[in-house]
Amino acid sequence: MKTALITGITGQDGSYLAELLLEKGYKVYGLRRRTSEPIMTNIQHIANDIELVYGDLLDLGSLIEVVRKVQPDEVYNLAAQSFVATSWEQPVLTGQITAIGVTNMLEAVRLVKSDARFYQASSSEMFGKVVETPQRETTPFYPRSPYGVAKVYGHWITVNYRESYDMYACSGILFNHESPRRGLEFVTRKVTNAVARIKLGLQNELRMGNLDAKRDWGFAGDYVQAMWLMLQQEQPDDYVISTGETHAVRELLEVAFGYVGLNYEDYVVVDPKFVRPAEVDLLLGDCSKAKEKLGWELKVSFEQLIQMMVEEDLKRIRQEVAT
Ligand code: GDP
């Protein structure tokens, strides 16, 4: 039986990855940071199957103790301050967690269990003001937010530990990936949640930022498969994971409102509060390396993804209203 340690287990990706690893027969440990209120929504259904261990990416000693206790075969570093807009409000904290936190986790692995395989959650936000389209593993980075800058550090420190210490460390450059478990502040979930509330008569307006930004949006459940595949190869490497399709925020609105028979133009108001100091205008990933070398496949299309998210939000809100 293999053992995996997942940081960020309570988040969207952590919960899907934990499910996948449990299905594969892994013993799954999740790193948890102390909070006064437990944030267990995404992992409630598997709470009895996983073991939570307490530590913090900012506290190297705690990570060393966790790695010593867990003795993981695989470490998936998914924890981060992951919301781009917040990274302008808390740039230092974002750097501490999203950048230096990666070094702390790598150090704990290097010092205690250097043969463990390490996955770093890198991000298409590193491409930022894109230098070429589509973006691939060799595309130079040009981050456009404190978050993007921190992720570039996390990417390179992972590559550096691989090259310095011969560790099996991989960086997965994942384009935006969404699901019904996505945080409500991210644009897809903000929209599908609002569509459901509007449809059920609980809200009559949706305030949004830049509707012209384009993203390559995939389904998080498909993307965690790629994370696992990266750690099962003979050699560690870095891979872009994407759908190869790009859609504007405006199209996301059309599809989501259209699914419940509404026209987004009747409800959406552009509010400068949601416009960012610097924007990433266009992301479009070329994942041919992952398809070829990992045999990774995409199962859920953009339309299916938005439909799944609207349906889940409708179901959840109906239940909340009924109780
Ligand atoms: P990101 O790509 O990691 O920043 O993911 P987000 O889901 O937060 O944002 C995706 C894109 O949607 C960005 O270009 C945002 O500027 C744009 N966007 C437009 N309106 C909104 C909004 O109201 N909330 C969020 N989160 N993003 C918005």
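- By the 4.5 Å side-chain criterion applied to Ile, Leu, Val, Met, Phe, Trp and Tyr, Y147 is assigned to a cluster that also includes V84, W88.
- Judged purely by atom type and a 3.5 angstrom limit, Q12 uses its side chain to pair as donor or acceptor with the backbone of H177.
- Atom CG of L298 sits about 7.0 Å away from atom SG of C287, to the nearest 0.5 Å.
- Remark: the R181 side chain and the S15 side chain contain an N/O donor-acceptor pair separated by less than 3.5 Å.
- Pairing each heavy atom of L60 with each of A108, the nearest pair is CD1-N, 3.9 Å.
- Between the side chains of Q235 and Y168, no donor N or O sits under 3.5 Å from an acceptor N or O.
- Between S124 and the options L284, T139, L283, a side chain to side chain contact (heavy atoms under 4.5 Å, CB included) holds for only L283.
- Taking the side-chain hydrogen bond (donor to acceptor under 3.5 Å, both in side chains) definition, one finds that D216 meets it with T243, sequence neighbours left out.
- Side-chain atoms of E74 and Y76 form a donor-acceptor pair, as typed in the model, at a separation below 3.5 Å.
- For the side chain to side chain donor-acceptor pair (under 3.5 Å) condition, the pairs that include at least one residue of residues 91-105, sequence neighbours left out, are Q81-T94, T103-Y153.
- Within a 6.0 Å radius of CD in Q232, other residues, nucleotides and ligands contribute more than 12 heavy atoms.
- Summarising the geometry, atom SG belonging to C170 is positioned 5.0 Å from atom CG belonging to L231; distances are rounded to the nearest 0.5 Å.
- Between the OH atom of Y165 and the CZ atom of R110 there is a distance of 4.0 Å, given to the nearest 0.5 Å.
- In R250, the CZ atom is crowded: over 12 heavy atoms of neighbouring residues, nucleotides or ligands sit closer than 6.0 Å.
- Shortest non-hydrogen contact noted between Q135 and E132 is NE2-O, 2.9 Å.
- Across all their heavy atoms, G183 and R189 have their closest contact at O-CB, 3.4 Å.
- The residues R316 and E320 are annotated as salt-bridged, a charged nitrogen and a carboxylate oxygen being separated by less than 4.0 angstrom.
- Side-chain polar atoms of N42 and T10 form no donor-acceptor pair below 3.5 angstrom.
- In this structure, CD on Q225 lies 11.0 Å from CD1 on I241, to the nearest 0.5 angstrom.
- For the residue pair Y26 and W228, a side-chain donor N or O sits within less than 3.5 Å of a side-chain acceptor on the partner.
- Enclosure of atom NZ in K24 by more than 12 non-hydrogen atoms of other residues, nucleotides or ligands within 6.0 angstrom is indicated.
- Ion pair D281/K214 not flagged as a salt bridge, since none of the NZ, NE, NH1 or NH2 atoms sits closer than 4.0 Å to an Asp/Glu carboxylate oxygen.
- K291 is not listed as a side-chain neighbour of E297, based on a closest heavy-atom distance of 4.5 Å or more.
- Pairs passing the side chain to side chain donor-acceptor pair (under 3.5 Å) check and including a residue from residues 49-63, sequence neighbours excluded, read K27-E51, E51-K69.
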With side chain to side chain contact (heavy atoms under 4.5 Å, CB included) as the criterion, how do N77 and L57 come out once you've worked through the C-alpha distance, each side chain's angles and the decisive distance to 0.1 Å? CA-CA 10 Å; N77 186 42; L57 278 193; 3.9 Å; yes
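- Applying the ring pair (Phe, Tyr, Trp, His ring centres under 6.0 Å) criterion to F219, with sequence neighbours excluded, gives Y16.
- Salt-bridge check for D238 with R162: passed, with a basic side-chain N closer than 4.0 Å to an acidic carboxylate O.
- Grouping the Ile, Leu, Val, Met, Phe, Trp and Tyr side chains by contacts below 4.5 angstrom, directly or via other members, places L58 with I64.
- Screening R144, R276, R215 against E125 for a salt bridge (charged side-chain N to carboxylate O under 4.0 Å, His left out) leaves a single residue, R215.
- Hydrophobic clustering of Ile, Leu, Val, Met, Phe, Trp and Tyr side chains at less than 4.5 Å, counting indirect connections, keeps Y119 apart from V53.
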Could you go through L31 and I9, starting from their C-alpha distance and side-chain angles, then the distance that decides it, and tell me whether this counts as side chain to side chain contact (heavy atoms under 4.5 Å, CB included)? CA-CA 7 Å; L31 183 74; I9 191 141; over 6 Å; no
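- The nearest pair of heavy atoms linking A248 to W217 is O-CZ3, 4.0 Å.
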Walk me through whether Y223 and W296 qualify under ring pair (Phe, Tyr, Trp, His ring centres under 6.0 Å). CA-CA 9 Å; Y223 284 36; W296 176 70; 5.5 Å; yes
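- Listed by chain and number, the residues in a side-chain hydrogen bond (donor to acceptor under 3.5 Å, both in side chains) with N204 amount to none (sequence neighbours excluded).
- Checking Q120 against S171 by side-chain atom types alone, no donor-acceptor pair falls below 3.5 Å.
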Start with the C-alpha gap between F127 and Y142, add the side-chain angles, then the distance that decides, and say whether ring pair (Phe, Tyr, Trp, His ring centres under 6.0 Å) holds. CA-CA 5 Å; F127 296 122; Y142 190 149; over 10 Å; no
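- For the side chain to side chain contact (heavy atoms under 4.5 Å, CB included) with F257, the lone residue among L262, T192, L252 that qualifies is L262.
- Each of L93 and V152 belongs to its own hydrophobic cluster when Ile, Leu, Val, Met, Phe, Trp and Tyr are linked at side-chain heavy-atom distances under 4.5 angstrom.
- Residues R117 and V75 fail the side-chain proximity criterion, which asks for heavy atoms closer than 4.5 Å.
- In terms of heavy-atom proximity, D212 sits nearest to N210 at N-OD1, 2.9 Å.
- Judged by the 6.0 Å and 45° rule, R182 forms a cation-pi pair with F186.
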Mind running side chain to side chain contact (heavy atoms under 4.5 Å, CB included) on T3 and Q71 for me, showing each step along the way? CA-CA 7 Å; T3 299; Q71 293 291 317; over 6 Å; no
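- Atom NZ of K129 has 12 or fewer heavy atoms from other residues, nucleotides or ligands within 6.0 Å.
- A side-chain donor-acceptor contact under 3.5 Å links R197 and Q203.
- Between G154 and T158, the closest heavy-atom pair is O-OG1, 2.7 Å.
- Taken to the nearest 0.5 Å, the CG atom of D13 stands 7.0 Å off from the CG atom of L174.
- In this structure, L63 CG and E107 CD are separated by 10.5 Å, a value rounded to the nearest 0.5 Å.
- A salt bridge links K113 with D115: at least one charged nitrogen is closer than 4.0 Å to a carboxylate oxygen.
- Looking only at distances, no side-chain donor or acceptor of D271 sits under 3.5 Å from a matching main-chain atom of M208.
- Between R207 and E205 there is a salt bridge, with a side-chain nitrogen of the basic residue lying less than 4.0 Å from a carboxylate oxygen of the acidic one.
- Connection of M126 to V130 is established within a shared hydrophobic cluster, with ILVMFWY side chains joined at heavy-atom distances below 4.5 Å, either directly or through further cluster members.
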